[in-house]
Trainee: 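I am attaching a structure below and will ask some questions about it afterwards.
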Amino acid sequence: MEWNSETLNPVWKTHLEEPCPSNGSSSPDYPGNVMPKTLDGQITMEKTPSYFVTNEAPQRIHSMAKDIKLIVVVRDPVTRAISDYTQTLSKKPEIPTFEVLAFKNRTLGLIDASWSAIRIGIYALHLENWLQYFPLSQILFVSGERLIVDPAGEMAKVQDFLGLKRVVTEKHFYFNKTKGFPCLKKPEDSSAPRCLGKSKGRTHPRIDPDVIHRLRKFYKPFNMMFYQMTGQDFQWEQEEGDK
């Protein structure tokens, strides 16, 4: 994806599925070898969700472009875990219930943090790895919740971060009540809005409220650490009235 701008730095966008290749810059799949050439007045963007949670990614990206700007979209880790499970369930309906996968021992209340759906949401742990290579000033954290209710507001932050004029505004969004997400539209023509595909906006399975409560308790200290590290309070504890 390319944006017109006076800023010439390439930009990779992470959206908390495939990590960086493990065999380095000689591989034809190495990011630096497959990225399109960035012309004057352009920014080149690339998105791969699993970069943020892949241990080797920060060092590899830093070695390729240390001045790169990074955008990370984060959401309430409990909701994110349920959404992750919902997507997997749609492809593998035979998998165990969320409640079974979320615990090592439910009687003792021991959360299984090795399960990827749970581990990904420990944002502070992953960010700690990135901060060894990049200053916080090169990373923008976008609220997944705000991106739904105020997409123009979050996009304004993105455009400012990238040094772009605020071209994308409220008039570029249309809220799809059926899917529960905003859609993109071009205000200057009557073409149909571009909405999220079938894999987005699925109805989540009902999860035992006690399990959700235990997960919120598990994530709370990690969330507090993440807020402190980023200087942003995403207010995830208020999602279920925990405060």
Side-chain angles (χ1 to χ4, degrees), residues 12-17 19-20 47-59 61-62 70-89 96-149 154 157-158 161 204-205 207-243:
W12 292 37
K13 176 188 173 187
T14 66
H15 186 90
L16 294 191
E17 289 160 291
C20 292
K47 175 181 79 98
T48 301
S50 66
Y51 284 155
F52 187 63
V53 299
T54 300
N55 290 335
E56 301 84 3
Q59 186 276 327
I61 293 175
H62 184 269
L70 301 145
I71 302 174
V72 187
V73 182
V74 291
R75 67 187 300 193
D76 176 350
V78 176
T79 306
R80 203 221 68 82
I82 297 172
S83 179
D84 190 322
Y85 173 79
T86 302
Q87 184 171 1
T88 303
L89 183 65
T97 64
F98 181 91
E99 289 84 349
V100 168
L101 293 171
F103 290 93
K104 286 185 177 180
N105 187 314
R106 187 171 177 182
T107 303
L108 298 177
L110 297 178
I111 302 294
D112 188 357
S114 67
W115 182 31
S116 63
I118 300 293
R119 181 179 58 83
I120 290 173
I122 308 176
Y123 303 133
L125 177 66
H126 309 305
L127 179 57
E128 192 173 42
N129 189 25
W130 285 87
L131 291 179
Q132 294 180 50
Y133 297 92
F134 297 97
L136 199 59
S137 60
Q138 284 178 228
I139 310 175
L140 176 67
F141 296 93
V142 174
S143 165
E145 288 79 19
R146 295 297 304 168
L147 196 57
I148 294 173
V149 299
E154 288 302 298
K157 296 176 185 176
V158 170
F161 177 68
H204 290 177
I207 307 298
D208 186 331
D210 179 64
V211 172
I212 293 177
H213 175 73
R214 288 174 182 266
L215 280 175
R216 292 201 175 281
K217 188 174 181 180
F218 166 79
Y219 277 122
K220 188 170 184 176
F222 297 111
N223 289 346
M224 295 297 105
M225 191 182 306
F226 184 63
Y227 299 167
Q228 186 174 26
M229 294 169 76
T230 62
Q232 294 180 239
D233 184 353
F234 292 92
Q235 302 183 331
W236 291 320
E237 288 66 38
Q238 295 182 10
E239 291 295 310
E240 296 295 328
D242 288 352
K243 284 186 177 180

Trainee: Just to verify, what does Lys157 make a side-chain hydrogen bond (donor to acceptor under 3.5 Å, both in side chains) with, not counting sequence neighbours?
Mentor: Glu154
Trainee: Can you tell me how far apart OG1 (Thr88) and CZ (Phe98) are? Round to the nearest 0.5 Å.
Mentor: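 One gets 11.0 Å once the value is rounded to the nearest 0.5 Å.
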Trainee: Just so I know, are the side chains of Glu99 and Arg106 near enough to count as touching, which here means a heavy-atom distance under 4.5 Å?
Mentor: yes
Trainee: So, for Pro58 and Asn129, which heavy atoms are closest and what is the spacing to 0.1 Å?
Mentor: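 Pro58 and Asn129 have their closest heavy atoms at CG-ND2, 3.6 Å.
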Trainee: Quick check on the 6.0 Å ring-centre criterion: do Phe222 and Trp236 meet it?
Mentor: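 Ring-ring flag for Phe222/Trp236: false, centres at least 6.0 Å apart.
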Trainee: Minimum heavy-atom separation for Asn105 and Leu108, please, with both atom names.
Mentor: OD1-N, 2.9 Å
Trainee: Using 4.0 Å as the upper bound for N to carboxylate O, is an ion pair formed by Asp84 and Arg80?
Mentor: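 Judged by the 4.0 Å cut-off on N to carboxylate O distance, Arg80 and Asp84 do form a salt bridge.
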Trainee: Is the number of heavy atoms from other residues, nucleotides or ligands within 6.0 Å of CD (Gln228) greater than 12?
Mentor: no
Trainee: What's the separation between atom CG in Leu140 and atom CD in Gln232, rounded to the nearest 0.5 Å?
Mentor: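 Atom-to-atom, Leu140:CG and Gln232:CD are 7.0 Å apart.
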Trainee: Could you go through Val142 and Val158, starting from their C-alpha distance and side-chain angles, then the distance that decides it, and tell me whether this counts as side-chain contact (heavy atoms from CB on, under 4.5 Å)?
Mentor: CA-CA 8 Å; Val142 174; Val158 170; 3.8 Å; yes
Trainee: Ring-plane angle category for Phe52 and Tyr123, please: parallel below 30°, perpendicular beyond 60°, tilted otherwise.
Mentor: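 Plane angle between 30° and 60°, so tilted.
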Trainee: Once you round to the nearest 0.5 Å, how far does CG of Leu215 lie from CZ of Phe218?
Mentor: 8.0 Å
Trainee: Taking only residues two or more places apart in sequence, or in another chain, which ones meet Pro205 in a side-chain contact (heavy atoms from CB on, under 4.5 Å)?
Mentor: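 Per chain and number, Pro205 pairs via side-chain contact (heavy atoms from CB on, under 4.5 Å) with Tyr85, Thr86, Ile207.
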Trainee: Identify the heavy atoms of Gln138 and Phe161 that sit nearest to each other, and give their distance.
Mentor: O-CZ, 3.4 Å
Trainee: Can you tell me how far the CG atom of Asn223 sits from the CE atom of Met225, to the nearest 0.5 Å?
Mentor: 10.0 Å
Trainee: Assess whether side-chain contact (heavy atoms from CB on, under 4.5 Å) is satisfied between Ser143 and Gln235, documenting all intermediate values.
Mentor: CA-CA 10 Å; Ser143 165; Gln235 302 183 331; over 6 Å; no
Trainee: To the nearest 0.5 Å, what is the distance between CZ on Phe134 and CD on Gln59?
Mentor: 9.5 Å
Trainee: Check residues 112-121 and write down every donor-acceptor pair under 3.5 Å in which the side-chain atom is one partner and the other belongs to a residue at least two apart or another chain.
Mentor:
{"residue": "Asp112", "atom": "OD1", "partner": "Ser114", "partner atom": "N", "Å": "3.1"}
{"residue": "Asp112", "atom": "OD1", "partner": "Ser114", "partner atom": "OG", "Å": "2.5"}

Trainee: Ring pair (Phe, Tyr, Trp, His ring centres under 6.0 Å) for Phe226 and Phe234? Distances and angles first, verdict last.
Mentor: CA-CA 9 Å; Phe226 184 63; Phe234 292 92; 5.7 Å; yes
Trainee: Drop me the distance from Arg214's CZ to Leu110's CG, to the nearest 0.5 angstrom.
Mentor: 9.0 Å
Trainee: Got a donor-acceptor contact below 3.5 angstrom from the Thr97 side chain to the Val100 backbone?
Mentor: yes
Trainee: Do Asp76 and Glu145 come within less than 4.5 Å of each other through their side chains, counting heavy atoms only?
Mentor: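 Of all side-chain heavy-atom pairs linking Glu145 with Asp76, at least one is under 4.5 Å.
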